[in-house]
Every structure is written in structure tokens, then in C-alpha cells.
Amino acid sequence: MYPLYSPKTVDFLWGIRLNNNREWFLQNKQQYIDTLYEPTKALGKALFEPFLAKSGTVLKVSRIYRDARRHHPTPYKESLWISIRPDKPWWAENPCLFFEISPEGIRYGFCLWHPKADFMEAFRKKLEADPETLPKLLKNAEKATGIPVTADCYKRPKAAENPALAPYFAWKEHICCIRSAPFSPVVFSPELAQEVKEMLCALAPLYDYFTDISL
């Protein structure tokens with residue numbers, strides 16, 4: 001049995017939010033390792049199993065330490081996350097399947113957070129060439145997860161010759177399908193890996209659609 005989250009995980013997450021300093025962290029570092037980092041790493045390994053054969057897709061597990069070069073006012077992150085994504089430098093520019101745990105609970109699903117303008121231009125060209133695939137993928141994703149795919153839109157949407165594609169031509173960023181949940185007994189049990197894995201697998205066709213653009 002791999003290490004699981006526990007109420008002590010939640011205690012640590014709230015502790016680092018309220019005491020985001022080196023002295024407190026060093027006093028509680030072992031709790032971080034045992035109750036947050038190791039369970040997150042183990043969960044990531046379990047979630048990545050269905051994606052091992054996907055060429056160019058990697059598993060990343062975050063650490064709690066912030067990048068000191070960015071001069072953030074606090075030295076530690078208040079959440080940890082797992083990402084399954086293309087092997088590219090910055091996750092936010094690329095499609096991503098993810099899981100995150102924070103003081104408020106958990107979130108997981110699909111996101112394409114800050115794609116570059118040329119990526120979205122390639123996305124629109126792909127839509128024009130094949131107007132049927134994306135709507136089907138979105139419908140299937142919502143049917144499987146119960147959650148619609150949403151996006152932030154341009155204030156002045158790009159023009160679409162095909163009126164049926166106009167809603168997608170308006171997409172700019174924050175393209176996502178995310179489930180959020182408070183802490184519950186499931187989070188502290190082996191059932192968590194299975195629940196998250198099922199949703200990520202249901203969203204894998206959407207991930208593949210956007211990954212084909214990013215490669």
C-alpha cells in the first residue's frame with residue numbers, strides 16, 4: 001500500500017498557509033514529507049499508469065519550495081499538484097491533466113491555462129479543417145464527468161466563416177474541465193486514485209486533441 005493523505009495532511013496545509021516562513025517549515029518538514037509530498041508522489045505514479053505509453057507525455061510532481069529567482073513574498077507554496085502533460089518547458093502554455101491538493105480541498109481535471117496566440121491560431125485552423133471532432137469531444141467529456149468544458153473568451157472574438165464554430169473561435173485561455181471537492185473520507189483512502197484516474201482517462205481524448213496542436 002502506498003502512502004495516503006490523512007487529516008495530518010490538512011493540518012500541514014493550513015499550517016504552511018498561516019506560518020509561511022522557514023522556521024515553521026523546518027520544524028514541520030518531516031510532516032510535509034510524510035503526509036503531503038510522499039502521498040502526492042505515490043498518487044502521481046498511480047495516475048500516470050494509463051498514460052505510460054503516450055509518447056512525449058510526462059509526469060511532474062510539484063515541490064513546496066518556491067523559485068527564489070521570482071522573488072515571491074513567501075518561500076513556500078500552499079498547495080501541491082500533479083501534472084500529466086507534454087514534455088515542454090512551461091506547463092501553463094500546454095494542455096495538462098492534473099490533480100491539486102490545497103487547504104480547501106482537492107481539484108482535478110483538464111486545463112489549458114495560458115496558450116500562446118500562435119497556438120490558438122493553430123487551434124482555429126484545426127477547427128476549420130475538421131469542424132466535427134471538437135464538439136463531439138466536448139459532449140463526451142461532459143457526459144462522462146458531468147462537468148462542461150469552459151473557457152475565457154476574447155473581448156473581440158475572432159471571426160468564423162462557419163457560424164457553428166463561432167463559440168470556439170471566441171476561446172482565448174483558461175480552457176478547462178475541473179472537479180473541485182472538499183476533504184472527505186475518500187481523499188484519505190485508496191479510492192481517491194481510482195476516482196481521479198477515471199476522470200483523467202475520460203478527459204484524455206480532449207488532452208490528445210490539444211496535444212496534437214502543441215507538438
Side-chain angles (χ1 to χ4, degrees), residues 43-62 67 70 79-100 106-180 195-215:
L43 178 62
K45 184 177 180 180
L47 297 181
F48 194 56
E49 287 176 357
F51 303 94
L52 285 169
K54 281 189 181 293
S55 177
T57 293
V58 297
L59 169 71
K60 298 290 184 179
V61 180
S62 71
D67 186 344
R70 297 185 181 275
S79 67
L80 248 60
W81 57 89
I82 298 156
S83 59
I84 297 169
R85 59 179 177 80
D87 191 9
K88 298 290 184 73
W90 193 39
W91 68 270
E93 293 178 347
N94 295 281
C96 179
L97 297 166
F98 79 98
F99 170 90
E100 181 181 24
I106 60 172
R107 302 192 317 145
Y108 53 95
F110 167 85
C111 71
L112 176 53
W113 214 240
H114 291 298
K116 291 182 177 179
D118 57 354
F119 180 97
M120 295 307 292
E121 179 62 26
F123 162 66
R124 290 187 290 272
K125 289 181 179 178
K126 182 173 183 173
L127 267 175
E128 286 180 319
D130 176 12
E132 296 182 0
T133 297
L134 181 65
K136 289 180 181 178
L137 289 176
L138 299 179
K139 183 178 180 180
N140 290 341
E142 184 171 359
K143 182 178 179 180
T145 66
I147 302 169
V149 177
T150 60
D152 289 353
C153 296
Y154 293 102
K155 292 182 179 178
R156 295 181 179 178
K158 307 295 181 178
E161 292 185 9
N162 182 345
L165 299 180
Y168 314 120
F169 268 54
W171 286 4
K172 179 183 179 183
E173 59 185 5
H174 297 172
I175 303 165
C176 59
C177 180
I178 297 173
R179 174 173 290 142
S180 299
E195 286 197 7
V196 177
K197 188 186 298 184
E198 287 178 1
M199 179 157 172
L200 299 192
C201 287
L203 294 171
L206 192 63
Y207 168 83
D208 291 339
Y209 179 89
F210 284 99
T211 300
D212 286 343
I213 300 171
S214 67
L215 294 180

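Nearest heavy atoms, I213 versus F123: CD1-CA, 3.7 Å. Closest approach of L200 to I84, counting heavy atoms only: CD1-CD1, 4.2 Å. Here the closest heavy-atom approach between residue Y108 and residue I106 is recorded as CE2-CD1, 3.9 Å. The two atoms that bring F98 and C111 nearest to each other are CD2-SG, 4.1 Å, heavy atoms only. Across all their heavy atoms, P50 and A46 have their closest contact at CD-O, 4.1 Å. F48 and T57 get closest at one heavy-atom pair: CZ-O, 3.6 Å.
F210 and F119 have parallel rings, their planes meeting at less than 30° on a 0 to 90° scale where 60° marks the start of perpendicular.
Atoms CG and CG, on L59 and D87 in that order, are 11.5 Å from each other to the nearest 0.5 Å. Expressed to the nearest 0.5 Å, how far CG of L112 lies from SG of C177 amounts to 13.0 Å. One distance of note links CG of N94 with OH of Y207; it measures 8.5 Å at 0.5 Å rounding. Once rounded to the nearest 0.5 Å, the distance linking NZ of K125 with CE of M120 reads 13.5 Å. Interatomic distance, CG of L206 versus OG1 of T133, reported as 12.0 Å (0.5 Å rounding). To the nearest 0.5 Å, the span separating CZ on F169 from CD on E128 amounts to 4.0 Å.
Taking the side chain as every heavy atom from C-beta outward, E173 and P115 approach each other to under 4.5 Å. Looking at C96 and W113, their side chains never come closer than 4.5 Å, going by heavy atoms from C-beta outward. Inter-residue side-chain proximity for Y209 and P95 is flagged as unmet; no heavy-atom pair is nearer than 4.5 Å. Side chains of L134 and K126 form no contact here, defined as non-hydrogen atoms less than 4.5 Å apart. At least one side-chain heavy atom of R179 sits under 4.5 Å from a side-chain heavy atom of I147. Side-chain contact check for S62 versus W81: some heavy-atom pair is nearer than 4.5 Å. Within the 4.5 Å cutoff, the side chain of I178 has no heavy atoms near those of the E100 side chain. By the 4.5 Å heavy-atom criterion applied to side chains, R124 and W171 are not counted as neighbours.
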Next item on the list: Before giving the answer on side-chain contact (heavy atoms from CB on, under 4.5 Å), spell out for T211 and K88 the whole-Å C-alpha distance, their side-chain angles and the decisive distance to 0.1 Å.
Entry: CA-CA 11 Å; T211 300; K88 298 290 184 73; over 6 Å; no
Next item on the list: Kindly indicate, with the supporting measurements, whether the criterion side-chain contact (heavy atoms from CB on, under 4.5 Å) is fulfilled by K197 and E49.
Entry: CA-CA 9 Å; K197 188 186 298 184; E49 287 176 357; 3.5 Å; yes
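Although no hydrogens or angles enter the test, the distance criterion places no donor-acceptor pair under 3.5 Å between the side chain of T145 and the main chain of M199.
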